[in-house]
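Reviewing the structure listed below.
Chain letters run A, B, ... following the sequence lines, proteins first, then strands; residues in each count from 1.
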Number of protein chains: 2
Amino acid sequence: MNTVLLVEDEKEIRRFVRLALQGEGCQVSEAETMTQGLQEAANLKPQLIILDLGLPDGNGVDFVQRLRSWSQVPVLVVSARSTEYDKILVLDAGADDYLTKPFSVGELLARVRALLRRSRADNELNTPVVKFGTIEVDLARRLVSKAQQSVHLTAMEFKLLSVLLTNAGRVLTHRHLLREVWGGAHSEHNHYLRIYVAHLRQKLEDDPTQPVYFQTEIGVGYRFQPQMGQVGFSQDMSA
Amino acid sequence: MNTVLLVEDEKEIRRFVRLALQGEGCQVSEAETMTQGLQEAANLKPQLIILDLGLPDGNGVDFVQRLRSWSQVPVLVVSARSTEYDKILVLDAGADDYLTKPFSVGELLARVRALLRRSRADNELNTPVVKFGTIEVDLARRLVSKAQQSVHLTAMEFKLLSVLLTNAGRVLTHRHLLREVWGGAHSEHNHYLRIYVAHLRQKLEDDPTQPVYFQTEIGVGYRFQPQMGQVGFSQDMSA
DNA sequence: ACAGTATTTACACCATTTTTACATTCCACC
DNA sequence: GGTGGAATGTAAAAATGGTGTAAATACTGT
């Protein structure tokens, strides 16, 4: 069964939309604020998020950007604001569809079905728990453990790990990594990468002097290599 | 570069949309009828299809259903008809988005970007792999293996291999190879080529003294000869 | 002020690239 | 069919620059 997270502050609309979605056979969870919405997204791992832009705390663009740093779950934005600028901004931030209030139930459900249909194809990607060797990483909850022992990563370390993991198997150039983790301004400081990759190796590799997961491509960049094809983006939804 | 197929009968609108898409860096192909559109979709394998519902021959629902029988390419429907029923029908048939005319260019492009972004994520998983003999080369991931054993190539070695492979069967002059790999400044140092071709042979040929794949054209240059016609650019057909 | 973190600095080390030297093959010409 | 010179192949050194490690310093929020 599909789980849909509804981030919406108006009680009436929540009820209205929830009933419609339940009629589709979806399980519906609700959040009233964006911060709460992000938490729920991490906990529930829904197959779809419906987001109202008109929430009191924070804007939708920010919500989508932060969500996208660890999840590819489809986002359908619903808003009373219908200016072109609003739409473009949030779509480019990573949202998948935009529906202007007032909307018809039928169209909402059709768009929900379209998004769910497509996300089913690649939903192995969406699940944010990555396992390799004895290590488990929950990108959504920012939790890392090695051999059942929880491992503490700093903010930068985690961000770097997250970028490497979401591009598993591919070489990421120094430039690209620096832009993603530190921001465009520091795209020349290759030193940072050596230090933080060293940290990750120290904390996660079985033998930090013989790295297996975090490989160096000299003169190019670094790659995360899921060993033995054992990257299981496994997830149990306990229905 | 992304290819977009535009199925639309009105010349004005075609021109209008084509210019906008080209501004995004897309390559645009056009079809005036649905039957023509299906043919083009099969031939070009575009990354996105924009479909006008108001075409003279046949309806859009039919178009999408037939397309979906063999392709998962995203479809953005554009239509003057805006009844809820129209939208639901074509979305449920397999379309991914629905935009009502008249629409703003900005919103159209934002929705196009959203669809392309998601379809790219799907395709990134299976990158083209070149196979010859017991060797496999994944150019996108910079991975090379021989008989299931991963082979390490240096930056220059890989660059050279990449140029040779993408021109399989063709003779590449010393000059050309040097310009591609080392840059224009070193186009006279033929020694480099001998050394690095030797490296590739050492690492990839079954018998480096009797090269089969990396052949010398004396006085001219080198060629990569995919033996047994077995160059398989295996690639996903989702487009 | 303190602890945790990010950034800077310093240095030893190693892989790759480039240089250098010499053996081998090819091919035209005798 | 040899022979010599040019082109090519091999094998090592030398030079370059990237990389890993450790530690000191600056920063940040509490």
Side-chain angles (χ1 to χ4, degrees), chain A residues 142 144 150-164 171-223, chain B residues 142 144 150-164 171-205 207-224:
Chain A
R142 308 179 65 89
V144 182
S150 106
V151 174
H152 174 73
L153 295 189
T154 72
M156 297 274 112
E157 288 166 2
F158 189 86
K159 213 164 176 180
L160 175 60
L161 176 68
S162 146
V163 174
L164 286 168
V171 181
L172 301 175
T173 64
H174 299 131
R175 194 180 200 77
H176 182 261
L177 284 169
L178 286 162
R179 293 180 101 82
E180 288 283 326
V181 180
W182 276 268
H186 302 77
S187 61
E188 307 305 322
H189 299 174
N190 288 10
H191 328 291
Y192 292 6
L193 280 177
R194 292 189 206 109
I195 293 164
Y196 278 85
V197 168
H199 287 172
L200 290 181
R201 285 174 177 156
Q202 201 62 45
K203 293 182 177 179
L204 297 178
E205 291 276 2
D206 291 322
D207 179 359
T209 64
Q210 300 285 323
V212 172
Y213 304 118
F214 303 99
Q215 300 180 349
T216 302
E217 290 285 331
I218 294 184
V220 184
Y222 293 88
R223 78 146 45 96
Chain B
R142 301 182 68 94
V144 183
S150 101
V151 174
H152 174 73
L153 296 189
T154 71
M156 297 272 110
E157 288 166 1
F158 189 86
K159 214 165 175 180
L160 176 60
L161 176 68
S162 149
V163 175
L164 286 169
V171 183
L172 301 175
T173 65
H174 298 133
R175 193 179 200 77
H176 182 259
L177 283 169
L178 286 162
R179 292 180 102 83
E180 288 282 328
V181 179
W182 275 267
H186 303 77
S187 61
E188 307 305 322
H189 299 172
N190 288 10
H191 327 291
Y192 293 4
L193 279 178
R194 292 187 205 110
I195 293 165
Y196 278 85
V197 169
H199 286 173
L200 289 182
R201 286 173 176 157
Q202 200 63 44
K203 292 181 177 179
L204 297 179
E205 291 277 1
D207 179 0
T209 64
Q210 300 285 323
V212 172
Y213 304 119
F214 303 99
Q215 300 179 349
T216 302
E217 292 286 331
I218 292 185
V220 184
Y222 295 89
R223 82 148 43 102
F224 167 71

Taking all non-hydrogen atoms of both residues, which atom of A:L164 and which atom of A:Y222 are closest, and how far apart? CD2-O, 4.3 Å

Could you walk me through whether A:R179 and A:H186 pass side-chain contact (heavy atoms from CB on, under 4.5 Å), step by step? CA-CA 7 Å; A:R179 293 180 101 82; A:H186 302 77; over 6 Å; no

With a 4.0 Å cutoff (strictly under), does any side-chain N or O of A:Y196 reach OP1 or OP2 of C:dT5? no

side-chain contact (heavy atoms from CB on, under 4.5 Å) between B:R201 and B:V197: does it pass, once the steps are laid out? CA-CA 6 Å; B:R201 286 173 176 157; B:V197 169; 3.6 Å; yes

Taking the inter-plane angle between the rings of B:W182 and B:Y192 on a 0 to 90° scale, is it parallel (under 30°), tilted (30 to 60°) or perpendicular (over 60°)? tilted

Protein-nucleotides 19-23 of chain D N/O pairs under 3.5 Å:
from	atom 1	to	atom 2	distance (Å)
D:dT19	OP1	A:G219	N	2.7
D:dG20	OP1	A:R201	NH1	2.8
D:dG20	OP1	A:T216	OG1	2.8
D:dG20	OP2	A:Y222	OH	2.7

Atom pair distance, as rounded to whole Å: OH in B:Y192 and P in D:dG9: 17 Å

Report the distance from atom NE2 of B:H199 to atom P of C:dT16, rounded to the nearest whole Å. 10 Å

Atom-pair distance (CG on B:L177; P on D:dT8), nearest Å: 12 Å

Do you know the tightest heavy-atom contact between A:F214 and A:E205? N-OE2, 2.9 Å

Starting from P on C:dA6, measure out to CG on A:L160 and report it in whole angstrom. 11 Å

Looking only at heavy atoms, the pair that brings B:H199 and B:E157 closest together is ND1-OE2, 3.1 Å

Below 4.0 angstrom, which residues in residues 152-159 of chain B have at least one non-hydrogen atom near DNA chain C? B:H152, B:T154, B:A155, B:M156

Given atom NE2 of A:H186 and atom C1' of C:dA6, what is their separation to the nearest angstrom? 10 Å

Return the value, rounded to whole Å, for the distance between atom NE2 of A:H189 and atom P of C:dT7. 10 Å

Heavy-atom closest contact (B:H189 atom, B:L178 atom, distance): O-CD2, 3.6 Å

Length of the CG-P vector between A:L178 and C:dA6, whole Å: 15 Å

Pick one: which of A:L172, A:L153, A:L177, A:T154 meets side-chain contact (heavy atoms from CB on, under 4.5 Å) with A:L160? A:L177

Using whole Å, report how far CD of B:E188 lies from C1' of C:dT18. 17 Å

In terms of heavy-atom contacts, B:E180 and B:V163 come closest through CB-CG2, 4.0 Å

N or O in side chain of A:W182 less than 4.0 angstrom from C:dT7 OP1/OP2: yes

